[in-house]
Amino acid sequence: MSYDAHEVENKWQRIWAEDRVFEVEVDISKPKFYCLEMFPYPSGNMHMGHVRNYSIGDAMARFQRMMGKNVLYPMGYDSFGMPAENAAKKESGHPHTVTERNISMIRADQERMGYSYDWRRMFATSTPEYYRWNQEIFLKFYEAGLVERRFAPVNWCNDCDTVLANEQVKNNRCWRCGLEVVQKDMAQWFLKMTMYADELLEELDEIEFPENVKTMQRNWIGRSQGAHINFEIVDSGSVIGAFTTRPDTIFGVTFVTLSPEHPLCQELVSGTEYEEAWTELRDECSRMTEFERINMLKEKKGVPLGKFAINPLSGEEVPIYAGNFVVASYGTGAVMGVPGHDQRDYDFAKKYGIPIKPVLVRNKGDVAEEENPVFDGLGWMVNSTRETFDGLFGNEAKEAVISSLENEGSGHGTIQYRLKDWLLSRQRFWGTPIPMIHCDDCGVVPVNSSDLPVELPLDVKFSWEDSGNPLASNNKFLEATCPNCGNQATRETDTMDTFYDSSWYFMRFADSNNDSEPFASQNVNYWLEGGVDLYIGGIEHAVMHLLYARFFTKATRDLGMNLVGEPFGRLVCQGMLNAPAPFCVSCNSEYHVDYFGGKCPNCGNTLSTRSVKMGKSLGNTISPGDMVEKFGADTVRLFILFGANPEAGMDWSDSALEANSRQMNQIIEAFRNASDIESKSCEMDDWLLGRLLDNRTRWVDAMNDVSLREGVMISHFEMLSDWQWYRRRGGSDKSTIQRYLTNWAEMLAPATPHIAEEFWNWLGGEGLLASNTLSNISDLSSRNWSNILAREEYLRDLIDSARNIKSLAQKHSETPLTKMVIQTSPSWKSELACNAVEMSILDFDFKEKGQDYLKNLPIFENENLRGEIFQTWMSLTSGTKKKRGKINTWSEGQKTLVKNRFDESSTINKNSDFIANSLGIESVTSYRVGDGMDVAGKAKVSFPLEPGIAFI
RNA sequence: GCAGAGGUACCCGAGCUGGUCAAAGGGGCCGGACUUAAGCUCCGGUGCAAAGUGCUUCGCAGGUUCAAAUCCUGCCCUCUGCACCA
């Protein structure tokens, strides 16, 4: 009955490992398939999101192996990062210890699931064996001019004397001491990613990413074409440079706004009555993180700076403001205010009584009027204070303005990106040390490549009391000699953003154990040709990680390290994993699972439940460990894959999991029972082989397409129900069964590999299924199965409709019905159907010539039949309003039956016992209409493939 | 606000190059067989009607068509991402 999942699964996991079946090497004679899942951060035990991710990946890796591909399927850990530092502080240990412990936990969980990784390639980024290559590549980038050191603001807590990450800032206050966070400028390291902005944007068109991911990346790169315009300041030598995408509105400028941090502000207000108000605004803004500046800022505020700027084309003087809505880091930190055609500028102008000057109209010849909401589309220029501009439209207008600016030296056309250079440095311990040395004499000098790695010290104590970066106070780490002059110098204490680690790990997997270079290019060129073939992960990495990795691959390509420029081919973003949580309908909010069955803490109504994203905050998580313990890894994998297609959201359901467990048991039962079947061949053998061919073909298509739900439905559900039908119909041929089960075991392997391997073993399959390629069934595809499949379909349909009719008939009878009489279509109807089908193949024009054809038939002479002949013909060829004629709706198999003059009565009589059994009656007899009594007047409803059925 | 995905029977979920669609598959529920019994397993039912191919359904309202879950238009709702971006 049930089986010991743990025993079976552990056994095969051990054997797979002993036989090293998942270990691969470059083999140019075989097509490769690189299957990769997004790099996990080891935070302890594996969670359900991981299980979903890896179950998809493993199924695909195993499938592609069966398809004869050389499959690279690696696993490793993105193990640098702040959580380990915090954990270390909590237990007064070292992040290294925490990390190692977490890695062994998640790895054990993964191994228990039976994922087919090539574990020899495993690495963790927090080991010197990996991060030394981070440093090496960084030095190469430095040489190539991709690295830059400049000032940038960080979140700073004065009390704790430390940098804060965005997530350590709560309500603009330090999470530990509660002091207000300030922005502080520090010298930091940047990678000049913007050098690749155009390529990153343009190649998006070529990549096989989901559309939404592409859109997100395009938005993130945010290329906008526009103009840089210089506004001279009255009575001052200074100039404000402003970027705009709408140079065509330049004649509508009525003010200019600077970001409060803009260096010109100080200069303009210094010593004037405006200084105080500006200082206040600037301080208020500096207290906010950029995130808040952008997201929380509801009220637009500004202060006048008391000076005026000159519009370079009109010569008009307009007031200069500082405004909190201008972001210093985008563009030039200065905006030209056009309240006539920009809603934000309009609101600002209204608030501060600034004039509004519309300069564009929708239709040629219109008069410009102030509007609210403003007209911000492209329009025709009007009200220009210079001639030649009025009457220009859209892009032409923009270009005209830009060329005037360029001619007069007061501006130029330009392209602006939202994408910024990659701020690489973190003032943290648990990351790759940036291999730089500060020398009093030589300045900042790179570490010699031969001196790498710069290792993180292990003798560091972590505690909440010591704030700041422990590296900065570790003398052994700090002391260095200058590679240039040999004098005593200080080591850089900044470490790298952990996105750096994950930006090339997929290339390292191609050559994980190389200890003389990051990777040998021939290995990467083999495995990454055309990119990673299948990359599976969450949508949350759609922008940052995927963009950094793309940049990195291009940068190393330009260093000559690899040929490929785009790291990823097909990207699949798995959907959300949901689980029930208490939900209040009237408050429209979810609560922690502790509230299950209780009242809404907000309004007191009774809570219902709703499926929401699994997460710690609601506590609606499911532990994979518990589920594996209870049901075994195969069942959990089956549930995960059958629950939803990879991209779709998925709801956790205990009862569905139990149902999948039952399904597993049924499959096991089928294989088990097959061993003691007495062999006897019959027609059903062909039927089963026909079904096998059909199922296998559809399965391969679905799997190739990563439609795992559909694939699993075929392999774990349809294959079983076909098997059951075969057995019910008396099929029991040993060699047919052996063939069916062998192929079935193969199809079971990607989703539920352990039990499939067990079956393979029972069946005496050669070697291990895990390293097997899919059986060749081309001998099956060369045969035509439609007749036998259609015949069986006919019987099934017959029984279905008979069952339906029987229940109706029973209502008209006092006594139980025991006999069924089936009158099959008279031969003239069958002939007519056969002719119609054959004629339709020859594109006979039924509309035009159908009637004539009928009238010329010999049977049409029979006047009693004429009406019925006509009716039959119509339902064969043209059908009714709602239903088309049978020649259009019959399946290929049904047409085959009709053309071959399928003998319905004899088929029914041959299977009469089975039919009688299925319907719970005593006898079944069948004859053609006219060959026996017309029982219950059913002769008239008989039709080819739809006989008249009577119960008595 | 912008962009993308979507709304299918009690629930989840396929279908959506128009007809073979009362709509696959699963869950749940109901009935039958097996069993001492529960469970497991097997068979069947699950819009209404009916000794049979009929009727009303695929977010709502229209439209195209001989024919619409499928195509078009408008509206409503949900989810995801982005956003004072100049």
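Just so it is clear: chains get the letters A, B, ... in the order the sequence lines come, proteins before strands, and each one is counted from 1. Keep in mind that what you see is a predicted model, and the values were worked out from it rather than measured.
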For nucleotides B:rA22 and B:rG54, find the distance between their P atoms and express it as a whole number of Å.
-> 9 Å

When the P atoms of B:rA14 and B:rG59 are considered, how many whole Å apart are they?
-> 14 Å

When you check the phosphate oxygens OP1 and OP2 of B:rC42, does a side-chain N or O of A:Q666 lie under 4.0 Å from one of them?
-> yes

Not counting sequence neighbours, which residues clear side-chain hydrogen bond (donor to acceptor under 3.5 Å, both in side chains) with A:K350? List them please.
-> A:E370

Phosphate contact (B:rC42 OP1 or OP2) by A:Q724 side-chain N/O below 4.0 Å | yes

Between CZ of A:R727 and P of B:rC43 the distance, given in whole Å, is 13 Å

By side-chain hydrogen bond (donor to acceptor under 3.5 Å, both in side chains), which residues pair with A:D722, not counting sequence neighbours?
-> A:R691, A:N695

Using whole Å, report how far CG of A:L720 lies from C1' of B:rU41.
-> 11 Å

NA contact type, A:F348, heavy-atom cut-off 4.0 Å: base, sugar-phosphate, or nothing?
-> nothing

Could you list, one pair per line, each protein nitrogen or oxygen that sits under 3.5 Å from a nitrogen or oxygen of nucleotides 28-32 of chain B, together with the distance?
residue : atom : partner : partner atom : Å
B:rG28  : OP1  : A:R662  : NH2          : 3.4

Closest nucleotide among B:rG52, B:rG44, B:rA86 to the A:V326 side chain | B:rA86

CD1 of A:I229 to CZ of A:F243: how many Å apart, nearest 0.5 Å?
-> 9.5 Å

For A:D345 and B:rC85, give me the distance from atom CG to atom C1', rounded to whole Å.
-> 12 Å

Identify whether any heavy atom of A:R709 sits under 4.0 Å from a base atom; if not, whether one sits that close to sugar-phosphate; answer base, sugar-phosphate or nothing.
-> base

Calculate the interatomic distance between A:Y417 atom OH and B:rC85 atom P; express it in whole Å.
-> 20 Å

Select base, sugar-phosphate, or nothing to describe what A:A242 touches, counting heavy atoms under 4.0 Å on all strands.
-> nothing

Could A:E710 and A:R698 be called an ion pair, given the rule that one side-chain N must be under 4.0 Å from one carboxylate O?
-> no

B:rC55 versus B:rA69 - spacing of their P atoms, nearest Å | 13 Å

Partners meeting side-chain contact (heavy atoms from CB on, under 4.5 Å) with A:K829 (sequence neighbours left out) = A:S825, A:P826, A:E868, A:T872, A:S942, A:P944

Residue set satisfying side-chain hydrogen bond (donor to acceptor under 3.5 Å, both in side chains) with A:H716, at least two apart, ordered chain then number -> A:T752

B/S/- along nucleotides 2-10 of chain B (protein heavy atoms under 4.0 Å) is -SS------

